[in-house]
Amino acid sequence: QVQLVESGGGLVQAGGSLRLSCAASGRAFINYKMAWFRQAPGKEREFVAYIRRNGVGTYYPDSVKGRFTISRDNARNMVYLQMNSLKPEDTAIYYCAATGADSVTIVASAYGYWGQGTQVTVSS
């Protein structure tokens, strides 16, 4: 089991940057594949970024590719999301999630562990 706590959200102007952090506690963090999702008001939870256990493989949807970068530090049980060139449509609550699934997955239901979320607001 793993517990997740996000931080780093805030208010930023369009074109700005933010770095989100996710601190994991519990057992065997390296056994989990990690991801970031986001949810805007009135919308479904949306996949944002995925990273493999070893931190080498990553995956992004087209909406954030080239602007967002996911990384992890297995020695510190941390996952990060660097967000650059932010747009107003990036405004949402951002969630860190963990899964023990073997295959790459961008489906929220495949992730059994979630943080409480951190608000990101991008002003135009």
Side-chain angles (χ1 to χ4, degrees):
Q1 194 169 6
V2 63
Q3 294 79 42
L4 305 171
V5 178
E6 303 96 334
S7 62
L11 174 64
V12 63
Q13 288 188 333
S17 298
L18 279 176
R19 188 195 195 203
L20 305 184
S21 298
C22 173
S25 60
R27 300 180 62 183
F29 171 70
I30 196 171
N31 287 343
Y32 295 93
K33 299 175 182 180
M34 303 298 296
W36 287 92
F37 289 79
R38 66 187 180 187
Q39 189 165 19
K43 295 188 176 181
E44 293 186 354
R45 195 161 293 191
E46 175 189 18
F47 166 74
V48 173
Y50 165 92
I51 190 166
R52 293 185 186 275
R53 295 182 181 95
N54 60 8
V56 174
T58 58
Y59 183 76
Y60 307 90
D62 288 343
S63 58
V64 307
K65 193 176 296 182
R67 300 189 298 122
F68 290 11
T69 303
I70 187 172
S71 61
R72 66 189 293 168
D73 184 340
N74 287 336
R76 298 185 177 184
N77 286 10
M78 295 292 294
V79 179
Y80 306 99
L81 185 69
Q82 178 66 43
M83 304 186 296
N84 299 327
S85 302
L86 283 162
K87 305 175 182 180
E89 51 263 44
D90 294 319
T91 295
I93 298 175
Y94 282 70
Y95 298 91
C96 176
T99 180
D102 290 332
S103 59
V104 174
T105 179
I106 63 172
V107 178
S109 59
Y111 289 79
Y113 304 99
W114 293 84
Q116 82 290 347
T118 185
Q119 177 71 48
V120 171
T121 303
V122 184
S123 63
S124 57

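Numbering starts at 1 and runs along the sequence shown.
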Distance in Å, [X] [atom1] paired with [Y] [atom2], rounded so as to fall on 0.5 Å steps:
{"X": "M78", "Y": "C22", "atom1": "CE", "atom2": "SG", "answer": "7.0 Å"}
{"X": "R53", "Y": "I51", "atom1": "CZ", "atom2": "CD1", "answer": "12.5 Å"}
{"X": "I93", "Y": "Q39", "atom1": "CD1", "atom2": "CD", "answer": "7.0 Å"}
{"X": "W36", "Y": "L20", "atom1": "CH2", "atom2": "CG", "answer": "4.5 Å"}

Would the distance check show the side chain of [X] and the main-chain N or O of [Y] forming a donor-acceptor pair, the cut-off being under 3.5 Å?
{"X": "Q116", "Y": "V5", "answer": "no"}
{"X": "Q82", "Y": "T69", "answer": "no"}
{"X": "T118", "Y": "Y94", "answer": "no"}
{"X": "N74", "Y": "N54", "answer": "no"}
{"X": "Y60", "Y": "I70", "answer": "yes"}
{"X": "S21", "Y": "G8", "answer": "no"}
{"X": "E46", "Y": "R38", "answer": "no"}

Consider only side-chain heavy atoms of I, L, V, M, F, W and Y, link residues closer than 4.5 Å, and tell whether [X] and [Y] are in one cluster.
{"X": "L4", "Y": "W114", "result": "no"}
{"X": "L86", "Y": "L81", "result": "yes"}
{"X": "L18", "Y": "V79", "result": "yes"}
{"X": "Y80", "Y": "V120", "result": "no"}
{"X": "V48", "Y": "Y111", "result": "no"}

Please verify the inter-ring angle class for Y59 with F47; under 30° counts as parallel, over 60° as perpendicular, anything in between as tilted.
parallel
Nearest heavy-atom approach of S124 to A14 is CA-CB, 4.4 Å
For the residue pair M34 and C96, what are the closest heavy atoms and their distance?
CE-SG, 3.6 Å
For this output row, return yes or no: ring centroids of Y32 and Y113 closer than 6.0 angstrom.
yes
Is the Lys NZ or Arg CZ of R72 less than 6.0 Å from the centre of F29's six-membered ring, within 45° of the axis?
yes
Apply the test salt bridge (charged side-chain N to carboxylate O under 4.0 Å, His left out) to residues K87 and D90: give CA-CA distance (whole Å), side-chain angles for both, the deciding distance (0.1 Å), then the verdict.
CA-CA 5 Å; K87 305 175 182 180; D90 294 319; over 6 Å; no
